[in-house]
Amino acid sequence: MRERFPLLAANPGLHYLDSAATSQKPRVVLDAMREYYERDNANPHRGAYALSVRATDCYHEARAKVAKFAGLADADCLVFTRGTTESLNLVASAWGRANVRAGDEIVVTAMDHHANFVPWQQLAREKGALFRIAPITHDGQVDLDALGGMLGARTRIVAFPHVSNALGTVNPVRAIATLVRERCDALVVCDGAQGAPHLPVGFDDLGVDFYAFSGHKMCGPMGIGALLGRRAILERMPPYQMGGDMIEVVGDEETTWNVLPHKFEAGTPNVADAVGLGAAVDFLEGIGMDAVLAHERALVAVADERLRGLDGVTVHGPAAAMRSGVASFTVAGIHPHDLATILDERGVCIRAGHHCAQPLMRRLDVAATARASFYVYNDESDVEALVSGVREAQRIFDGHVARG
Ligand code: PLP
């Protein structure tokens with residue numbers, strides 16, 4: 001598998017354990033993007049000439065592939081965006097501004113990434129709505145009883161992650177959507193940034209209104225992502241940005257909007273990155289998303305066992321079987337940043353910090369954690385390098401303490 005990723009093939013000693021931040025790119029994705037520019041590049045939707053039609057077809061095909069991958073039958077309900085952050089801001093801005101009133105309630109969870117927290121918090125401030133945060137259990141799962149108790153007649157939006165980027169917790173999306181539908185008439189928004197890269201999505205069966213993800217975390221390029229929505233809601237929702245391609249007729253006073261998905265894609269689209277994302281989903285489908293998840297879970301189970309076996313190491317979140325490929329941990333007496341620096345000297349790349357989840361860090365009562373995240377190209381040698389690096393860091397710090 002490493003041979004299929006040029007960066008990893010060129011760096012045999014590299015243990016890349018930061019795929020939750022961004023994944024490496026397989027050669028097929030890089031080739032697809034280069035070929036698009038070498039063979040098919042033109043501004044789509046605009047030209048009457050054959051090359052522009054080819055560019056339009058490439059963009060259209062990419063949308064169809066990504067929609068199918070995510071289990072969305074109606075591909076016109078997939079809006080290409082820059083990524084999860086833009087997708088979530090699109091909904092908060094377009095749907096939220098039009099539908100949320102003073103006194104309404106918006107509910108998020110304590111484990112949301114800032115991208116699925118701050119847009120709703122700020123929308124609530126702007127509208128005079130109440131912003132509520134559903135708590136998590138002691139082992140890092142959404143507290144469903146508490147969430148249920150927060151839902152009522154004034155709840156307008158419920159937003160939550162498919163998978164926590166900081167803990168790896170896989171949330172029961174369908175059960176949460178059902179709970180919301182039983183208790184209130186709210187918009188259900190799922191942040192799939194850590195879902196789509198790691199497990200089957202099945203949007204049409206999830207019961208949510210919107211689902212967002214980023215191409216760069218799933219073997220695709222940076223700068224492209226998707227927002228999947230239900231047609232009836234997208235059709236009623238006002239546009240997010242104004243400009244070329246998203247209009248039907250522009251009068252001196254009034255403008256009418258293009259059909260889906262163009263209404264939400266103002267300006268020249270990012271065709272090459274969409275083509276790259278199309279190639280990425282072909283690549284992942286070639287492995288199979290069940291197999292991707294099983295591979296990550298197997299590695300994370302070994303990592304958990306080995307890390308928990310070390311004195312002073314705490315692994316945060318639920319049991320490995322309930323997580324995707326994330327191990328988030330702290331080591332007594334060693335700041336995660338120092339740990340990451342020592343690991344880096346050994347070719348092990350991990351993330352250290354608050355992982356854009358400061359509300360969660362406060363609830364875990366830690367300033368930061370070290371996070372190792374596994375993907376399709378990792379194997380047990382990466383776990384071994386991680387664990388021996390942590391041991392080495394402990395030896396170095398013990399030495400300091402002894403000398404000090
Ligand atoms: N949501 C989650 C759970 C994430 O992990 C991330 C990225 O780390 C985002 C949202 C934001 O994604 P992007 O920076 O690609 O827009």
Side-chain angles (χ1 to χ4, degrees), residues 67 70-74 77-79 81 84-101 104-113 115-121 123-124 127 129-136 141-164 169-196 199-213 225-238 240 260 264:
L72 170 72
D74 186 351
C77 293
L78 184 151
V79 176
T81 62
T84 309
T85 302
E86 189 177 46
S87 297
L88 296 168
N89 274 277
L90 191 165
V91 181
S93 182
W95 195 93
R97 290 231 171 86
N99 291 286
V100 174
R101 313 258 172 275
D104 285 348
E105 298 186 7
I106 300 176
V107 181
V108 302
T109 76
M111 68 165 72
D112 271 293
H113 186 282
N116 202 31
F117 192 99
V118 183
W120 307 119
Q121 179 197 58
L123 174 68
K127 293 292 188 171
L130 188 64
F131 181 65
R132 306 188 68 182
I133 304 168
I136 52 167
Q141 304 189 59
V142 176
D143 183 334
L144 294 182
D145 289 339
L147 171 65
M150 288 180 163
L151 306 173
R154 295 306 309 256
T155 315
R156 290 299 279 147
I157 296 169
V158 179
F160 61 96
H162 192 164
V163 176
S164 156
T169 315
V170 178
N171 287 316
V173 178
R174 207 169 297 120
I176 294 176
T178 305
L179 181 68
V180 177
R181 303 284 180 223
E182 281 166 8
R183 310 255 166 132
C184 58
D185 181 23
L187 190 80
V188 181
V189 182
C190 185
D191 170 356
Q194 303 290 344
L199 40 83
V201 174
F203 176 81
D204 287 337
D205 297 324
L206 276 184
V208 304
D209 295 312
F210 285 106
Y211 190 92
F213 57 88
L227 175 68
L228 282 55
R230 291 208 293 120
R231 178 172 278 275
I233 298 174
L234 286 167
E235 294 207 323
R236 279 199 305 272
M237 190 161 92
Y240 169 56
L260 296 175
F264 295 106

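Basis for what follows: all heavy atoms, side chains included, without hydrogens, waters or symmetry-related copies.
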Calculate, to the nearest 0.5 Å, the distance between atoms [atom1] and [atom2] belonging to [X] and [Y] respectively.
| X | Y | atom1 | atom2 | value |
| --- | --- | --- | --- | --- |
| Met237 | Leu90 | CE | CG | 5.0 Å |
| Gln141 | Ile136 | CD | CD1 | 9.5 Å |
| Arg154 | Cys184 | CZ | SG | 12.5 Å |
| Met150 | Glu105 | CE | CD | 9.0 Å |
| Met111 | Ile133 | CE | CD1 | 13.0 Å |
| Ser87 | Tyr211 | OG | OH | 11.5 Å |

Between [X] (side chain only) and [Y] (backbone N and O only), is there a donor and an acceptor less than 3.5 Å apart?
| X | Y | answer |
| --- | --- | --- |
| Asp204 | Ala73 | yes |
| Arg183 | Gly148 | yes |
| Asn116 | His113 | no |
| Arg174 | Asp205 | yes |
| Asp104 | Ala129 | no |
| Asp143 | Asp145 | yes |

Sole residue of Val100, Val158, Val189 in side chain to side chain contact (heavy atoms under 4.5 Å, CB included) with Trp120: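 So the option named by the test is Val189.
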
Sole candidate of Val107, Leu123, Val108, Asn99 that passes side chain to side chain contact (heavy atoms under 4.5 Å, CB included) when paired with Ile157: Leu123

What are the two closest non-hydrogen atoms of [X] and [Y], and how far apart are they?
| X | Y | value |
| --- | --- | --- |
| Asn171 | Pro161 | ND2-O, 2.7 Å |
| Ala110 | Pro135 | CB-CA, 4.4 Å |
| Leu151 | Val180 | CD1-CA, 3.8 Å |
| Ala115 | Thr85 | CB-OG1, 3.8 Å |
| Arg97 | Lys127 | O-NZ, 2.8 Å |
| Tyr240 | Phe264 | N-CD2, 4.1 Å |

Stepwise, does the side-chain contact (heavy atoms from CB on, under 4.5 Å) test hold for Phe160 with Cys190? CA-CA 5 Å; Phe160 61 96; Cys190 185; 4.0 Å; yes

Indicate yes or no: at least one non-hydrogen side-chain atom of Val173 is less than 4.5 angstrom from one of Val208. yes

Can you check whether Arg132 reaches Thr155 side chain to side chain, under 4.5 Å on heavy atoms? no

Yes or no on side-chain contact (heavy atoms from CB on, under 4.5 Å) for Thr84 and Asp191, after CA distance, side-chain angles and deciding distance? CA-CA 7 Å; Thr84 309; Asp191 170 356; 3.4 Å; yes

Using atom types as modelled, flag every donor-acceptor pair under 3.5 Å from a side chain in residues 225-234 to any protein atom, sequence neighbours excluded.
{"residue": "Arg230", "atom": "NE", "partner": "Asp209", "partner atom": "OD1", "Å": "2.8"}
{"residue": "Arg230", "atom": "NH2", "partner": "Asp209", "partner atom": "OD1", "Å": "2.8"}
{"residue": "Arg231", "atom": "NE", "partner": "Asp74", "partner atom": "OD2", "Å": "2.7"}
{"residue": "Arg231", "atom": "NH1", "partner": "Glu235", "partner atom": "OE2", "Å": "2.8"}
{"residue": "Arg231", "atom": "NH2", "partner": "Asp74", "partner atom": "OD1", "Å": "3.3"}
{"residue": "Arg231", "atom": "NH2", "partner": "Asp74", "partner atom": "OD2", "Å": "3.3"}

